[in-house]
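Worksheet: one structure, shown below.
What you see below is based on every heavy atom in this structure, not just the backbone, and it leaves out hydrogens, waters and symmetry mates. Proteins come first, then strands; the chains are lettered A, B, ... in the order of their sequence lines, and each starts at number 1. Not measured: the values here are computed from a predicted model.
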Amino acid sequence: MSAITRAFRESPESAPGGYAVLARDLVKTYGSGATAVRALDGVTVGFGQGEFTAIMGPSGSGKSTLMHCLAGLDAATAGSVQIGGVELTKLNDKALTLLRRRRIGFIFQSFNLLPTLTAEQNILLPLDLAGLKPPKQWWDQVIGVLDLGGRLKHRPGELSGGQQQRVACARALMSRPEVVFADEPTGNLDSRSGAEVLAFLRMSVRELGQTVVMVTHDTTAACAADRVVFLADGIMRGDVLSPTPDSVTAQLRMIRPDRVAAGE
Amino acid sequence: MFKTALANLRAHKARMLLSSITVLLGVGFVAGTLIFTASIKESFFDSFARQAKNVDAAVTPAGGLRVSSIENQQDKKTVDPAALDAVRDLPDVASAEGRVLGPAPVLDKTGKVVKENGNTGVGVAFPTDAKLGYFDFSSGRAPAAAGEIAMDKATAEDRHFALGDAVTVIDHGDQPESFHLVGIFDTSTDKTYAGETVVGFTTPTALRVTGSAGYDQIAVRAKSGVGQDQLVTELKDLPVLDGSGDTFYTGAQLTTELASQATGYTSGFGTFLLVFAIIAALVSALVIQNTFQILVAQRARELALLRCVGATRRQVFGSTLIEAFVFGTLASAAGFFAGIGLSMGLSALLNAAGLNMPTDHLVIDPSAALYSIGLGLLLTVGSAVLPARAATRVAPVQALSAQLGETRVTRRAGRVRVGVGLLLALAGIAVGYAGMQTQDRSRGFMVLTLGAMVTFIGVLALGPVIASPVIRVLGWLPGKAFGPTARLATANAGRNPRRVAATTAALTIGITLVTMFTVVTASIKASATDSIKQHFPFDYQVVSEPDRSVPGDAVAKLRALPELGTVAAEYDGKITVNGGSERAGAIDAVGYHTLINPIMKQGSISDVVPGTVALQDSRLTSLHTAIGQTVTVTGPNGGPALTLKVVASYQDSGIGMPETTISVADFQHLDPAQGPDTVSVLAKSGVTLAASRAAIEAAVAGDPLLTVNSVADYKNQLNTSLNQILAMFTAMLGLAILIALIGIANTLSLSVLERTRESALLRALGLTRAQLRRMLMVEAMLMAVLGVSLGIVMGGGFGWALVHLVAKATGVGSLAIPYTQLLIYVLAGALAGVLAAVVPARRAARQTVATAITEA
Ligand SMILES: Nc1ncnc2c1ncn2[C@@H]1O[C@H](COP(=O)(O)OP(=O)(O)O)[C@@H](O)[C@H]1O
Ligand SMILES: [Mg+2]
């Protein structure tokens, strides 16, 4: 249990490899007055470079909101977010967009690809928007690892769910972003395809030094990560390093015993 | 189901708003046209009916009443002037007036002839019995003495004439006469004269000045107690009128006759407007149908859910139709009220185009409301039938599985559609081609129109097949200019070819017609003066207004000018050839080959000497004659007949050659009273155009009725009126085009709604707000340009066919493609597309990324 309170014990700045993403006292409120929802209630968390982190928590705990704020998709109500040393809360919409384009990769649960573009065009889209092309060697490597060589000219409608998610992975990685955010990337997949995607994310961290932050409610998926951080009611509720199914379940039971039993 | 339908309408208020504007405009145009036509009809009737005010009986020349017109003065029939005194002497007659209308050119204070819309002034007679007058005086009184004159208010104000001024009028003998201005009257209440210069005299002076042989009408007022029928009987019995062939009316008959003439005056015009209104209505039907189709597609899941919970197919169908019905009623009613405003706009537009169609007040009769709202309802409910049927085909299971909205890229157009479309297009082209080969111009025109319409429908059916490749080609340039944003837009525009085709079809219709008119007018402009240059190669023409002869001394002066090489007087009049009336022309022999070059079929134009005649080719057959045979001709007023030998024939009309051409000597023999109407002139070589023109102007300066025209002047006049016509056509089609553009905005808004998640994904992946907006604008631009390009290709084709048809029939006319103008249409279309995207694009860009991306 030594790792449980790591996020609180250690000052975020003192992480060994430096933080790719760092949030401090993040607050996000939806609505106002009586109906206001405090989706994030003072979250401080760091994600180390080259680290694979999973975010877990019951439904409605603020995981997606956290990810959106971290990735510059949504503006936090208060607090700060830094990616690679850049303060996101100070950026305007355009600067945020350019930052997303160049320094962040995304994998969503569903609807990841544009139906009008081929797999190849989808993969290249962020770079294309930036007017860039990936180095040939890097392209070959990513496409090779994800085994997409034969599918590049297909449109999303002609691909299986697992293939679509692999295309999304390739796109997220292609621009060698500072960090890849994945919101339940395996949520819609069968277990084999899910395992493939997880394996790829792990590999990208291990072998390519990629930073990955993944929201999930699947314990098995979480165990593919180096570290799991827990969220409940918009508050950080500890973390687990080198997670195992047992340690993750224990932690979940601790933050919301009734919900975990129900299988969330 | 009714409740569901209403709830749906309410839920999709925003989506329906744009569509309702299209219905509103379509219905508004129809309503506006009906109201406007009814209003001008009533105004004309009011004005015509003034002529029947207090009239108990009227006598007009044989052939009956003609609403006074300055045209055809030359051989118009009149009532014998002696009849007026006889009528006045009848015991039952309280008063009688002779009505006169004829040319009376007025000089302004600088000594120039006053011309309005190309017409010189009109002279009328003022009655001594004010009860039989039909002008209202705004100041002064009616002329009572020979030296007095009254003038219309607009001219008086425009040319700064006041009561007491001297006004010079050129009389029938081309002599200037000075009159004392005693009254100013208002013609704006009289639609017949609106926009013309009118002066009034006492009756005898009017007869003298206008050179009228008699009266256009004798209007009679009965003593009280005398019936109209009785009065007419008495008039008929008058020896001077008996057997004259004159036509008699009671006051009541006159009113009816005037009413029917007022209708005739305006109904053709109403039909003309209605054609455009119906085009606009059809275009809005297309847009509405498309909207319903998209809405049903978007609601597939909702409808499937309804089916799941037990709604029958019939109920789903009914609910969709009820929606259309309620929507159609609201939008059409609004459209009717918009039409009231629009009718005023129409009046302003037509007046700006130089067509005087004034209205005193709006006549809104219930039938206009009934027709326009009925049409609107028919259009909306009719447009909803197909989509409603599609709605019934949604299977209940789709509630669980259906992909949302436009995320699917739709399949290609069906093979049946391609087959039918191709067949129609080819058949249409074949029919059109056959029409072009037809010798008879009007039949050819009908066949060609039919072919064009069938081709058009075929091309519209092929729209979905054409759309994708064309969009891809069109997207190439923006792709180069804007990079990935434009490439995304191109992909989006091409993703749903059916929808894009349906959306742009509306625009294609409008642009096809505009292009066709543009090409035809450009071709006329280009070739009209070609034909003058080729067949009548004059440098200048001196003509006299209005329909007068060029005086002999003016011709002599021109002949004497050292700057001029060839001077030829031309004559034009009516003669009888073998008993039938024909137009005859003559020109001084020096003009043969130098000033006129008809397209000869047989013989040469210089074969026309005294004793011979040349005829239009078709006249050879209709007069049962041939080259070498003779024809018998007489002058317009009878007189001695001449026997002329047919020596040559030339191609039929189209270039302005009269039916017969005779020598000047024979012409003068047949019609001694008629002088030359035109003097054509070629400058001596080596004399600059400026110098020769100055010399001619100086030579004719003394005669205010003579005008000097060059080919360039004619060309300018022609271009001005052609431009006016084109502008009017374009403005009339403008509304249809506007509706079509709203259709594009509408489709785009609906697509944007469907693609909320997609846009959010793009934004997450690094598309800036500006790029998202630009993407949608390029998409709309591509749609608009697709519609415009198709329209230009088809309109150009139809225009070419028309020009070809006319050229074949007349021998003149060649295709001129106004490339710049067409390019402007494309650019304007692109710009309009961008404008159409402004609102949808702003809405799309406002969306916050995070909320949209998680939306299910
Ligand atoms: N756009 C929104 N408007 C209002 N409330 C929201 C919105 N998005 C999320 N919430 C609320 O914020 C809380 C956290 O939501 P979310 O981050 O989606 O949770 P999770 O992803 O962990 O399931 C929930 O109570 C949710 O209802
Ligand atoms: Mg979530």
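When all heavy atoms of Arg100(A) and Arg763(B) are compared, the pair lying nearest together is NH2-O, 2.7 Å. Taking both residues in full, the closest heavy atoms of Arg495(B) and Pro115(A) are given as NH2-CG, 3.2 Å, listed atom of the first, atom of the second, then distance. The shortest heavy-atom contact between Phe106(A) and Ala764(B) is CE1-O, 3.2 Å.
With values rounded to the nearest 0.5 angstrom, Arg769(B) atom CZ is found 4.0 Å from Asp93(A) atom CG. Atom CG of Leu767(B) and atom CG of Leu98(A) lie 10.5 Å apart (nearest 0.5 Å). A distance of 12.0 Å separates CG in Asn496(B) from OG1 in Thr116(A), rounded to the nearest 0.5 Å. To the nearest 0.5 angstrom, Asp128(A) atom CG is 8.0 Å from Leu488(B) atom CG.
No more than 12 heavy atoms of other residues, nucleotides or ligands sit less than 6.0 Å from atom CZ of Arg102(A). At most 12 non-hydrogen atoms from other residues, nucleotides or ligands lie less than 6.0 angstrom from CH2 of Trp476(B).
A 4.5 Å side-chain heavy-atom check between Arg101(A) and Thr768(B) finds at least one atom pair inside the cut-off.
Residue Leu129(A) touches chain B through both its backbone and its side chain, counting heavy-atom pairs closer than 4.5 Å. Interface remark: Arg171(A) contributes side-chain atoms only to the contact with chain B (heavy atom separation under 4.5 Å). With a 4.5 Å cut-off on non-hydrogen atoms, Leu96(A) does not touch chain B at all. At a 4.5 Å heavy-atom cutoff, the contact between Leu114(A) and chain B is made by backbone and side-chain atoms alike. With a threshold of 4.5 angstrom between heavy atoms, Leu761(B) approaches chain A through side-chain atoms but not through N, CA, C or O.
If you tally non-hydrogen atom pairs under 4.5 Å between each of Thr65(A), Leu73(A), Asp74(A) and chain B, the highest count goes to Leu73(A).
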